[in-house]
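The block underneath contains the structure these notes are about, expressed in structure tokens.
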Amino acid sequence: MAHIAGSMKKKRFKAIKGEGAWGYAFIAVALVVFAMFTAYPVVSAFIISLQKYKPLGSTYVGLENYTNTLKDALFWKAMRNTLVYTVLTVPVNLLLSMAIAVLVLPLRKKTQSFFKAVYYLPVVASGVALSVVWLWIFDPLEGGILNQLMRFFGISNQNWLGSSSTAMFSLVLMSWLSSHGTSIIIYLAGLLGIDDSYYEAAELDGANFFQKLQYIVIPSLKPATLFLLVTGVIGSFQVFQNAYLMTGGGPNNATTMVGLLIFNNAFTYFEFGKAAAQSLILAVIIAGISVIQFKYAGKDVEY
């Protein structure tokens, strides 16, 4: 038995020394990056969440940061704001992206490339620059572009970002009208992968445009839709830049998102332990929602 075990160890060692060694060498870089920029920060955040953190000496407080967070009314208000933002933006953005992709598909290749570039440009543009443009659009004075448009319909000037009743809608509108580039590209790739024979067979059966859309296009795009749905929900639950640059979370915390709340606790109030606890709670919530999405929305998805 000892002889057999020894020979098996030698075989494994030879496999690692041969082709297996190259495999470990190639994944080593990814493992090092994962350990440095994902595993280590998560472990550090968990340790900090159990402390009243100070740069020069922290105090262990156990689960106090978690219990204080769960009792904090502002945290639940931020969570509610984030959920409302997610529900209002993600489905509409998916619908708009799919509609634009379907409209761009029949165009010639050069025209397709033009529209791809136009829609993708905001993705590569600076978020600060885009926010400055939207601040100009939402300017509460008469010169604001949106107020000028509203006056055309007989609606008086609105303080879009300064009123609790319109601030969240302003951020949602900003999401609806920008940053669809990635989704459009993915949907176009999915549309180009659909075999023309499906459309030809549908036309022989007398199917119209909407029937083709219902029975061919939408089912064929389910993998892309699931991917964009999951990543869209994750991104919206982590939204920070828009709220920080456009409203700062106001007025009256009407646009305070969880990401902005975590940032403020860490870098405004220097409550690093509480911020770490909130970030880990948010991570668990996002993971739970993602699991639910894969379970119910991905049942009949084939990759």
Side-chain angles (χ1 to χ4, degrees), residues 82-127 129-131 133-134 169 171-205 207-242 286-287 289-303:
T82 306
L83 182 62
V84 169
Y85 180 84
T86 300
V87 171
L88 292 177
T89 58
V90 174
V92 175
N93 288 345
L94 289 179
L95 184 61
L96 288 173
S97 299
M98 184 184 293
I100 293 170
V102 169
L103 292 174
V104 170
L105 182 66
L107 303 176
R108 292 180 298 177
K109 286 188 176 181
K110 288 186 178 179
T111 312
Q112 277 189 23
S113 300
F114 170 76
F115 280 105
K116 286 179 184 178
V118 168
Y119 282 112
Y120 197 76
L121 187 61
V123 178
V124 299
S126 167
L130 290 175
S131 296
V133 172
W134 279 100
F169 171 75
L171 296 184
V172 170
L173 182 64
M174 180 179 173
S175 176
W176 285 349
L177 299 180
S178 61
S179 301
H180 297 300
T182 302
S183 301
I184 292 171
I185 298 297
I186 291 174
Y187 271 134
L188 274 172
L191 289 169
L192 291 170
I194 300 175
D195 199 310
D196 290 338
S197 61
Y198 293 129
Y199 298 118
E200 294 169 0
E203 288 173 0
L204 290 174
D205 289 336
N208 58 33
F209 172 79
F210 294 103
Q211 288 172 325
K212 293 177 187 176
L213 193 65
Q214 180 181 357
Y215 295 107
I216 299 176
V217 173
I218 294 177
S220 299
L221 292 179
K222 274 189 176 181
T225 301
L226 177 62
F227 170 76
L228 293 173
L229 176 65
V230 173
T231 55
V233 170
I234 292 173
S236 63
F237 263 84
Q238 294 177 328
V239 66
F240 163 77
Q241 181 176 268
N242 292 354
I286 291 174
I289 293 174
S290 299
V291 169
I292 293 171
Q293 287 175 312
F294 276 111
K295 183 176 180 180
Y296 292 101
K299 286 189 293 187
D300 56 345
V301 173
E302 297 181 3
Y303 296 94

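Computed from heavy atoms alone, side chains included, the values below leave out hydrogens, waters and symmetry copies. What you see is a predicted model; the values in this text were computed from it and never measured.
The distance from the CZ atom of F294 to the CG atom of L229 is 9.0 Å, given to the nearest 0.5 Å. Residue S97 holds its OG atom at 11.5 Å from CG of L221, rounded to the nearest 0.5 Å. Taken from CG in L171 to CH2 in W134, the straight-line distance is 10.5 Å, to the nearest 0.5 Å.
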Tabulate below the donor-acceptor pairs under 3.5 Å that side-chain atoms of residues 100-108 make, not counting sequence neighbours, or state none.
none

Which side-chain N or O atoms in residues 207-219 pair as donor and acceptor under 3.5 Å with protein atoms at least two apart or in another chain?
from	atom 1	to	atom 2	distance (Å)
N208	OD1	F210	N	3.2
N208	OD1	Q211	N	2.8
Q211	OE1	N208	N	2.9
K212	NZ	E203	OE2	2.9

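Side-chain atoms of T225 and M98, non-hydrogen and from C-beta on, do get closer than 4.5 Å to each other. A heavy-atom distance below 4.5 Å is found between the side chains of W176 and L173. Side-chain atoms of I185 and Y119, non-hydrogen and from C-beta on, never get closer than 4.5 Å to each other. Contact check for V87 versus V90: no side-chain heavy atoms found under the 4.5 Å cut-off. Side-chain atoms of I184 and F115, non-hydrogen and from C-beta on, never get closer than 4.5 Å to each other.
Residues Q238 and I286 approach most closely at CG-CD1, 3.9 Å, considering heavy atoms. Heavy atoms only, all atoms of each residue included: A224 and I186 are closest at CB-CG2, 3.9 Å. When all heavy atoms of S131 and M174 are compared, the pair lying nearest together is OG-CE, 4.1 Å.
Under the rule for a ring-ring contact (aromatic ring centres under 6.0 Å, His included), the partners of F240 that lie at least two apart in sequence or sit in another chain are Y244, F263. K116 pairs by the side chain to side chain donor-acceptor pair (under 3.5 Å) definition with nothing, not counting sequence neighbours.
Listed by first and then second residue, the side chain to side chain donor-acceptor pair (under 3.5 Å) pairs that reach into residues 83-96 are T86-S236, N93-S175, sequence neighbours excluded. Contacts classified as salt bridge (Lys or Arg N to Asp or Glu O under 4.0 Å) and involving residues 220-238 (residues at least two apart or in different chains) are given here: K222-D300.
Other residues, nucleotides and ligands contribute over 12 non-hydrogen atoms within 6.0 Å of the OH atom of Y199.
Of the residues listed (V233, I234, T231), the one engaging S290 in a side chain to side chain contact (heavy atoms under 4.5 Å, CB included) is I234, and it is the only one.
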Check against side chain to side chain contact (heavy atoms under 4.5 Å, CB included), L94 and Y187: CA-CA 10 Å; L94 289 179; Y187 271 134; 4.0 Å; yes
